[in-house]
Amino acid sequence: LIDLHQYSPRIYDVATSFKFATLASDLLQAERVRLYQTGMFRKAPPATTTDISSQTAQKYNGATSWHTDLGNIPVDTNGYLTFWCPTR
């Protein structure tokens with residue numbers, strides 16, 4: 001799900017909050033920042049041990065390891081960052 005801030009006032013308020021904008025500005029050492037997009041990524045509930053997909057579920061539902069998202073973004077800059085925020 002992409003650009004949720006366009007459909008949810010609550011997500012809009014969080015994504016455009018002064019607190020996050022200030023933090024992003026400080027981290028990027030930039031005077032101004034822009035919101036590129038909001039997105040939601042869901043992890044499936046754990047599979048049972050008898051489920052044929054249990055190994056796959058265990059592989060993808062664990063902790064997110066260190067990675068970079070910049071290669072997936074069509075922006076020619078290193079002045080980009082992501083915030084991850086659990087919804088529950």
Would you mind listing every side chain to side chain donor-acceptor pair (under 3.5 Å) that reaches into residues 2-12, with sequence neighbours excluded?
His5-Thr38

Which pairs would a plain distance check flag for residues 17-32, meaning a side-chain donor or acceptor within less than 3.5 Å of a matching protein atom at least two apart in sequence or in another chain?
unit_1: Ser17; atom_1: OG; unit_2: Val14; atom_2: O; d: 3.2
unit_1: Ser17; atom_1: OG; unit_2: Phe20; atom_2: N; d: 3.2
unit_1: Thr22; atom_1: OG1; unit_2: Phe18; atom_2: O; d: 2.8
unit_1: Ser25; atom_1: OG; unit_2: Ala30; atom_2: O; d: 2.3

Applying a strict under-4.5 Å side-chain criterion to I, L, V, M, F, W and Y, I'd like to know whether Leu35 and Leu4 cluster together.
no

